[in-house]
Amino acid sequence: MLPAFLEQDAVEAAPQLLGWKLVSRTAAGITSGYIVEVEAYSMEDPASHSFRGLTPRTAPMFKRAGTIYVYFTYGMHYCMNIVTGPVGHGQALLIRALEPVDGIGLMQARRDLENVNQLTNGPGKLAQALGIDKALSGSHLTDGKLSLEPGFRPADITQTTRIGITKAIDQPWRFFVTGNQFVSRQAARG
DNA sequence: AGAGCGATGGCCT
DNA sequence: GGCCATCGCTCTA
């Protein structure tokens, strides 16, 4: 389904996305996990891919809320975002960590890793575990391959600065479920 | 046409 | 905590 709060600006929508279940449907099977860590990016944000304007790569960020934006980085990792806000605003939420729910065996096979704790505790890891790649960029949550379903309501949410960026490093636009063991890092930096 | 640069993860100490 | 593989995208010329 398409939660109404995705129409809001990224920073407002971000904490509301925590606890929702992200579901991936591929030929290999269904995999899913609760979203436990997200970061907000917007067009006015130097750390955002949309900051420099619309390019072929970043075009999905400027489409309607619920659009999927997948990018490839460091020559080996895919990261997935969900677009928020009005059309043309270039806002998105980077999904940084999931708590595995369905299809854990398939996720372990895709990751070539048994340890469930390390299956989806990072943006590149969860993309690999769910079988997400660039082909999904530009598709929409209502297209059926990647979708959202209600999950749980987080008891407490922690807000910190974002991870792995070199610009706008002081903006507290990272949100995670307090105490959840699948969050990539409890501390903001380091 | 080519250089520079990452919204990372895994391995090592 | 530190290092670095690896390649698509953007910018400059």
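Order of the sequence lines fixes the chain letters, A, B, ..., with proteins taken first and strands second; residue numbering starts at 1 for each chain.
As judged by a 4.0 angstrom heavy-atom cut-off over every strand, A:Ile165 is placed among residues touching the sugar-phosphate backbone only.
Distances shorter than 4.0 Å separate none of the side-chain N or O atoms of A:His77 from OP1 or OP2 on B:dG9. Close to C:dC9, at under 4.0 Å from its OP1 or OP2, lies a side-chain N or O of A:Lys134. Put simply, A:Arg96 has a side-chain N or O that comes within less than 4.0 Å of OP1 or OP2 on B:dT8. When the side-chain nitrogen and oxygen atoms of A:Lys167 are compared with OP1 and OP2 of B:dA7, none of them lie within a distance under 4.0 Å. For B:dA7, neither phosphate oxygen OP1 nor OP2 lies less than 4.0 angstrom from any side-chain nitrogen or oxygen of A:Arg185.
We find that CZ of A:Arg52 is positioned 14 Å from C1' of B:dA7, with the value rounded to whole Å. If you take CD1 of A:Ile95 and P of B:dT8, they are 14 Å apart, rounded to a whole angstrom. Put simply, CZ on A:Arg110 is 19 Å from C1' on B:dG9, counting in whole angstrom units. Taking atom CD of A:Glu37 as the reference point, atom C1' of B:dT8 lies 13 Å away to the nearest angstrom. When rounded to the nearest whole Å, the span between CZ of A:Phe175 and C1' of B:dA7 equals 15 Å. Going from atom CE of A:Met43 over to atom P of B:dA7 covers 18 Å, rounded to whole Å.
Of the nucleotides present, none pairs with C:dT6 by Watson-Crick or G-U wobble criteria with both distances under 3.5 Å.
Of the two residues contacting DNA chain B, namely A:Arg111 and A:Ala92, the nearest-nucleotide position lying further toward the 5' end is that of A:Ala92. Along DNA chain C, the nucleotide nearest A:Thr73 and the nucleotide nearest A:Thr55 are compared for position; the residue whose nucleotide lies closer to the 5' end is A:Thr73. The nearest heavy atom of DNA chain B to A:Ser50 and to A:Lys125 marks one nucleotide each, and the one closer to the 5' end goes with A:Ser50.
Looking at the side chain of A:Phe72, the nearest of the listed nucleotides C:dT10, C:dC7, B:dG6 is C:dC7. Set against B:dA7, C:dC11, B:dG6, the side chain of A:Tyr69 has B:dA7 as its closest nucleotide. Residue A:Ser48 places its side chain closer to B:dA7 than to any other of B:dG9, C:dC11, B:dA7.
Taking 4.0 Å as the cut-off between side-chain N and carboxylate O, A:Glu149 and A:Arg25 count as a salt-bridged pair. A salt bridge links A:Arg96 with A:Glu39: the closest approach of a Lys/Arg side-chain nitrogen to an acidic carboxylate oxygen falls below 4.0 angstrom.
Remark: A:Arg57 fails to qualify as a cation-pi partner of A:Phe72 under the 6.0 Å distance and 45° angle criteria applied to the six-membered ring.
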Please step through ring-ring contact (aromatic ring centres under 6.0 Å, His included) for the pair A:Tyr34 and A:Phe152, ending with a clear verdict.
-> CA-CA 8 Å; A:Tyr34 297 125; A:Phe152 70 97; 5.2 Å; yes
For the pair A:His49 and A:Tyr41, evaluate ring-ring contact (aromatic ring centres under 6.0 Å, His included) and give the outcome as yes or no after the intermediate values.
-> CA-CA 8 Å; A:His49 290 175; A:Tyr41 289 87; 7.6 Å; no
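Side-chain to base pairing of A:Tyr71 with B:dA7: one donor and one acceptor N or O lie within less than 3.5 Å of each other.
Closest of all the heavy-atom pairs between A:Met43 and A:Phe51 is O-CD1, 3.3 Å.
Both thresholds, 5.5 Å between centres and 30° between ring planes, are met by A:Tyr41 relative to the base of B:dA7, so the two rings are stacked.
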